[in-house]
Amino acid sequence: MKVNYRKNRVEVEGISDDFEPEHIFECGQCFRWNKELDGSYTGVAKNKILNIEKKGEKIFFNNTSKKDFLEIWVDYFDLNRDYSIIKNHIRDEKLDDIIEFGKGIRILDQDEWETLVSFIISANNRILMIKRVIENLSQKYGDYIGTYKGNKYYSFPTSEKLNLTTENEIRMMKTGFRAKYIKDAAEIVSNDKDWLYSLKGLNYDTALEEIKKIKGVGDKVGNCILLFSMNKYEAFPVDIWMKRIMGEIYGIKGKPEDIRKKSEKIYGKYSGFAQQYLFYYASQGKLKDI
DNA sequence: CCACAGGGCGGCA
DNA sequence: TGCCGCCCTGTG
């Protein structure tokens, strides 16, 4: 990986085979990145506005500094990982086309609190709606961060801020029946941040057991939180798309939790990466091609 | 108007 | 323990 630092911009070369903005931002792991008219993606993370643009072999990290790139974005985009090793580890004859289809996916390292609330909202919900609800919450209870390419950006609300709102106010953000779960989570986390942020240091099984103590967090949502914010790469979230594709290509059927355990046996410590390639493939309507 | 999509909870066997 | 009805919103 070769990095050039410019004014307000960082250019990265040498990872283009394993970095496709569309794959990264449309594979269901994040909800605050949106495509601009020029094809680049703009999003908010860690209270910063970043724009990502791929041109040929180069990846442009726009609207950022060398300091933030090194302190925030290298970890956020998992830039120190060699994804060819991951791909070779999980690859089997069934996965060749599936990995190729989503070859530019990287698993983002997102904030635990934001990920917890985002995936509580994701329960029984579609991506478009999830994004809308998170935007509502951020505009209403987050802080204005700045304007970029004509759009205003707001930080994700803190647990303290959401704990000061009522369940009904949260419901007004179109959270539906999940409002009380968000309110409960805000109360627990704002009173004991250490609990949430210490889960990253626990093993997968223990962290999963702990996070499921939050109302609205079951097996699927819990695995998403572990995978997308706690570096638990053996996590394997099973939703309706994963149920379909695992049945289709491996003949694995049953309850979501059973499908997860069987899949984790197949892919081992990199199950989460396999899940992302599989989910992206299935959710983009490619199941019929199998 | 109705059907449907999408995880987790809680009540009841 | 396992199953099933229900929660909420938006779209076709």
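Chain letters run A, B, ... following the sequence lines, proteins first and then strands; every chain starts at 1. Predicted model, so just to flag it, every value in this text is computed and none were measured.
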(request) In whole angstrom, give the distance that lies between atom CZ of A/Arg260 and atom C1' of B/dG7. (result) 14 Å
(request) Would you kindly give the CG-to-C1' distance between A/Leu208 and B/dG7, to the nearest whole Å? (result) 14 Å
(request) Take A/Met129 and A/Asn124, find for each the nucleotide of DNA chain C with the closest heavy atom, and name the residue whose nucleotide sits nearer the 5' end. (result) A/Asn124
(request) Could you check how far CD1 of A/Ile259 sits from C1' of B/dG7, rounded to whole Å? (result) 14 Å
(message) Apply salt bridge (charged side-chain N to carboxylate O under 4.0 Å, His left out) to residues A/Lys54 and A/Glu22 and explain how you reach the verdict.
(response) CA-CA 10 Å; A/Lys54 184 171 179 180; A/Glu22 183 134 8; over 6 Å; no
(message) Centroid separation under 6.0 Å, is that true for the rings of A/Phe101 and A/Tyr280?
(response) yes
(message) Can you see if the side chain of A/Trp241 gets near the phosphate of B/dG6 - specifically, an N or O under 4.0 Å from OP1 or OP2?
(response) yes
(message) What range of DNA chain C does chain A touch, first nucleotide to last, counting atoms under 4.0 Å from its heavy atoms?
(response) C/dC7 to C/dT11
(message) Parallel, tilted or perpendicular: which one describes the rings of A/Phe25 and A/Tyr41, with boundaries at 30° and 60°?
(response) tilted
(message) Check whether A/Asn125 reaches the backbone of A/Ile121 with its side chain - one donor and one acceptor, N or O, closer than 3.5 Å.
(response) yes
(request) Heavy atoms under 4.0 Å is the rule here; annotate nucleotides 8-13 of chain B 5' to 3' with B where the base is hit, S where only the sugar-phosphate is, and - elsewhere. (result) SSS---
(message) Regarding A/Arg9 and A/Glu11, does a basic nitrogen lie under 4.0 Å from an acidic carboxylate oxygen?
(response) yes
(request) Whole angstrom is fine here: how far is it from CD1 in A/Ile127 over to P in B/dA5? (result) 16 Å
(message) Classify A/Arg244 by what it touches in the nucleic acid, base, sugar-phosphate, or nothing, heavy-atom distance under 4.0 Å.
(response) sugar-phosphate
(request) State whether A/Lys213 and A/Glu210 are salt-bridged, where the test is any N-O pair (Lys NZ or Arg NE/NH1/NH2 against Asp/Glu carboxylate O) under 4.0 Å. (result) yes
(message) Quiz question: by atom type and distance under 3.5 Å, do the side chains of A/Asn88 and A/Tyr83 form a donor-acceptor pair?
(response) no
(request) Tell me whether the centres of the aromatic rings in A/Phe19 and A/Phe77 are closer together than 6.0 Å. (result) yes
(request) Please examine the side chains of A/Asp96 and A/Ile99, heavy atoms only from C-beta on, and report whether any two atoms are closer than 4.5 Å. (result) no
(message) Both conditions, 6.0 Å and 45 degrees, for the charged tip of A/Arg106 above the ring of A/Tyr76: are they met here?
(response) no
(request) Using the ring of A/Tyr250 (Phe, Tyr or Trp, six-membered ring only), decide whether A/Lys94 places NZ or CZ under 6.0 Å from its centre and within 45 degrees of its axis. (result) yes
(message) Based on the rotation axes of five pairs at each end, what angle does the helix from B/dC2-C/dG12 to B/dA13-C/dT1 bend through, to 10°?
(response) 40°
